[in-house]
There are 2 protein chains.
Amino acid sequence: MEIEEHISTEERIIKAAEKIFLREGYAGARMQEIANEAKINKAMLHYYFGSKKELMEKIFSAKFKEFIPKVTEALQSETTFENVLRVYIDTYIDMLMRNPYLPLFLIDTMHRNPEFLSFTQNFPGKLFAAWLQKQVDLKKIRPIKPHHLLLNMIGLCVFPILAKPMFQKVFQIEETDYQQILTERKEMVYDFVMRAIKIDDE
Amino acid sequence: MEIEEHISTEERIIKAAEKIFLREGYAGARMQEIANEAKINKAMLHYYFGSKKELMEKIFSAKFKEFIPKVTEALQSETTFENVLRVYIDTYIDMLMRNPYLPLFLIDTMHRNPEFLSFTQNFPGKLFAAWLQKQVDLKKIRPIKPHHLLLNMIGLCVFPILAKPMFQKVFQIEETDYQQILTERKEMVYDFVMRAIKIDDE
DNA sequence: GTCTATATACAGATAGAC
DNA sequence: GTCTATCTGTATATAGAC
């Protein structure tokens with residue numbers, strides 16, 4: 001019975017480090033706090049992972065992969081452009097609402113500790129860009145550079161998560177109301193993007 | 001002649017603190033680095049500003065104000081909706097390209113050091129929201145909640161600045177090419193938003 | 001593997017001469 | 001106002017017993 005219930009020390013450290021690094025960022029995170037969270041002492045952290053840097057590398061490269069959308073399958077399936085768009089936005093916003101700390105953690109790290117970027121493998125995102133370009137060539141959508149369309153789509157999904165505290169402050173929005181806004185955006189973003197790129201019929 | 005050339009120590013500290021806090025964030029900033037940048041020693045920092053926290057408060061509240069768009073005049077002028085939108089996006093992207101560190105600094109601070117928020121005065125942003133709602137009521141644009149439209153507009157401007165390192169990595173874009181993309185967006189964002197919210201003629 | 005105790009470095013902050 | 005020297009706390013990291 002213990003086999004299923006037991007969580008290894010290493011696994012507990014990983015989970016604790018994820019929580020603290022994502023919430024506090026690399027500079028703000030404290031090894032002591034990670035140790036407390038994992039219910040061990042600081043010495044154990046170094047026994048398992050050597051240094052704060054090495055532990056961060058582990059967490060960062062894993063989270064980086066999580067954030068890059070896995071659209072490969074969707075693109076290969078023989079479905080409509082509209083469906084791909086809808087699935088993409090739905091999946092992305094769902095993931096973000098479950099991981100609200102993820103975007104700030106990645107963006108902050110890539111700006112202020114770019115050394116950790118070297119520990120991620122190369123991520124050629126050109127597949128989706130090429131697919132979007134094909135949709136333009138096929139006149140499924142208006143002419144628009146794939147990079148712009150991607151920045152638009154991802155920005156419309158991610159920015160409201162990043163800007164939450166600022167937006168709540170400036171527009172004096174309560175927590176529950178903001179959650180409501182985020183939920184509405186799955187429909188809204190799809191609609192907004194479709195209107196912006198659809199080809200007028202006549 | 002010295003009157004014009006002289007920059008007070010206090011002013012030099014402010015400038016130095018801006019540079020370091022914006023680049024490194026509160027947790028990552030070092031008082032020693034600020035002192036070096038201002039070409040003084042650490043003791044002087046404390047003589048002028050007391051503590052790291054007090055210095056940060058000064059910088060944060062000033063930068064927070066800078067980021068909130070000053071649209072009051074534009075809204076009161078008797079111009080078209082299209083012009084307000086164009087001026088808003090133009091002004092915002094211009095400001096962001098001159099201050100690339102600003103969005104991350106503010107967003108990071110508001111998430112991870114929300115205590116500094118209390119040092120900003122209340123910023124009711126409801127003026128612009130109300131104006132947008134009026135445009136909907138007047139059937140100048142499609143029905144859309146002002147909060148959504150604002151999140152969309154600001155997100156389309158700000159996100160590409162925040163996501164720059166990630167986007168460059170994933171799509172393997174050179175620095176000059178990315179700057180080119182950012183420049184193009186002044187036109188592109190206006191066009192994208194207008195298409196998304198305009199009312200079809202027939 | 002896990003712990004306590006400690007080494008080492010460096011941060012923010014202060015004392016006091018000038 | 002400005003400096004050097006120093007205090008104090010705390011961070012990462014290690015030594016060594018069990």
Side-chain angles (χ1 to χ4, degrees), chain A residues 2-61 105 108-109 112-116 118-119, chain B residues 2-61 105 108-109 112-116 118-119:
Chain A
E2 268 195 318
I3 293 170
E4 282 300 321
E5 281 196 30
H6 185 69
I7 303 164
S8 71
T9 304
E10 188 169 337
E11 193 60 27
R12 283 219 316 285
I13 294 175
I14 292 278
K15 288 294 167 202
E18 275 181 20
K19 178 169 173 179
I20 303 303
F21 276 132
L22 260 77
R23 201 180 58 201
E24 308 291 341
Y26 180 67
R30 294 292 167 257
M31 294 295 267
Q32 183 63 61
E33 206 177 353
I34 295 173
N36 293 345
E37 181 73 27
K39 297 191 203 305
I40 50 160
N41 56 58
K42 278 189 297 177
M44 290 292 282
L45 290 183
H46 290 93
Y47 175 80
Y48 275 95
F49 292 96
S51 71
K52 184 181 179 184
K53 268 188 144 48
E54 288 175 66
L55 185 51
M56 175 69 172
E57 286 161 22
K58 269 264 187 312
I59 306 298
F60 178 76
S61 63
F105 170 71
D108 173 40
T109 305
R112 310 220 250 232
N113 302 89
E115 67 268 24
F116 292 116
S118 59
F119 296 98
Chain B
E2 269 196 318
I3 294 170
E4 283 299 322
E5 281 198 31
H6 186 70
I7 303 165
S8 72
T9 303
E10 187 169 338
E11 194 60 28
R12 283 219 315 286
I13 293 175
I14 292 278
K15 287 295 167 203
E18 276 181 19
K19 178 169 173 180
I20 303 303
F21 276 133
L22 262 77
R23 202 179 58 199
E24 309 291 341
Y26 180 68
R30 295 291 168 257
M31 295 294 268
Q32 183 62 61
E33 206 178 354
I34 294 173
N36 294 344
E37 181 74 26
K39 297 191 203 304
I40 51 161
N41 56 58
K42 277 190 298 178
M44 290 292 283
L45 289 183
H46 290 93
Y47 175 80
Y48 276 94
F49 292 95
S51 68
K52 185 182 178 183
K53 268 189 143 48
E54 287 175 67
L55 185 50
M56 175 68 173
E57 286 161 20
K58 270 262 187 314
I59 306 299
F60 179 76
S61 64
F105 170 72
D108 174 40
T109 305
R112 310 220 249 233
N113 302 89
E115 67 268 24
F116 292 115
S118 59
F119 295 98

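Proteins come first, then strands; the chains are lettered A, B, ... in the order of their sequence lines, and each starts at number 1.
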Mind checking if B/A29 touches a base, just sugar-phosphate, or nothing, with heavy atoms under 4.0 Å? sugar-phosphate
Send over the distance from [X] [atom1] to [N] [atom2], rounded to a whole Å.
X	N	atom1	atom2	value
B/K53	C/dA13	NZ	P	9 Å
B/M56	C/dA11	CE	C1'	17 Å
B/I34	C/dA13	CD1	C1'	14 Å
B/I40	C/dG12	CD1	P	13 Å
B/Q32	C/dG12	CD	P	9 Å
A/R30	C/dA11	CZ	P	11 Å
A/L45	D/dA13	CG	C1'	11 Å
B/K52	D/dT10	NZ	C1'	13 Å

Which heavy atom in A/I34 sits nearest to a heavy atom in A/A16, and how many Å separate them?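 Taking A/I34 first and A/A16 second, the nearest heavy atoms are O-CB, 3.6 Å.
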Are A/Y26 and A/F116 close enough that their ring centers fall under 6.0 Å? yes
Is there a residue in residues 15-27 of chain A whose heavy atoms reach under 4.0 Å of DNA chain C, and which residues are they?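 Here the set is empty: none.
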Comparing nearest nucleotides in DNA chain D, the 5'-proximal residue of the pair A/M31, B/M44 is B/M44
For the atom pair [atom1] ([X]) and [atom2] ([Y]), what is the distance rounded to the nearest 0.5 Å?
X	Y	atom1	atom2	answer
A/E24	A/E33	CD	CD	5.0 Å
B/F105	A/R112	CZ	CZ	8.0 Å
A/K58	A/F21	NZ	CZ	12.5 Å

Show me the protein contacts with nucleotides 14-18 of chain C, counting only N or O atoms at under 3.5 Å.
none

Tell me which donor-acceptor pairs under 3.5 Å the side chains of residues 37-50 of chain B have, and how far apart each pair is, sequence neighbours excluded?
unit_1, atom_1, unit_2, atom_2, d
B/E37, OE2, B/K19, NZ, 3.1
B/N41, OD1, B/A43, N, 3.2
B/N41, OD1, B/M44, N, 3.2
B/H46, ND1, B/K42, O, 3.3

Is there a side-chain contact between [X] and [Y] (heavy atoms, below 4.5 Å)?
X	Y	value
A/I59	A/L22	yes
B/K15	B/E18	yes
B/T109	B/M56	yes

Does C/dT2 have OP1 or OP2 sitting under 4.0 Å from an N or O in the side chain of A/T9? yes
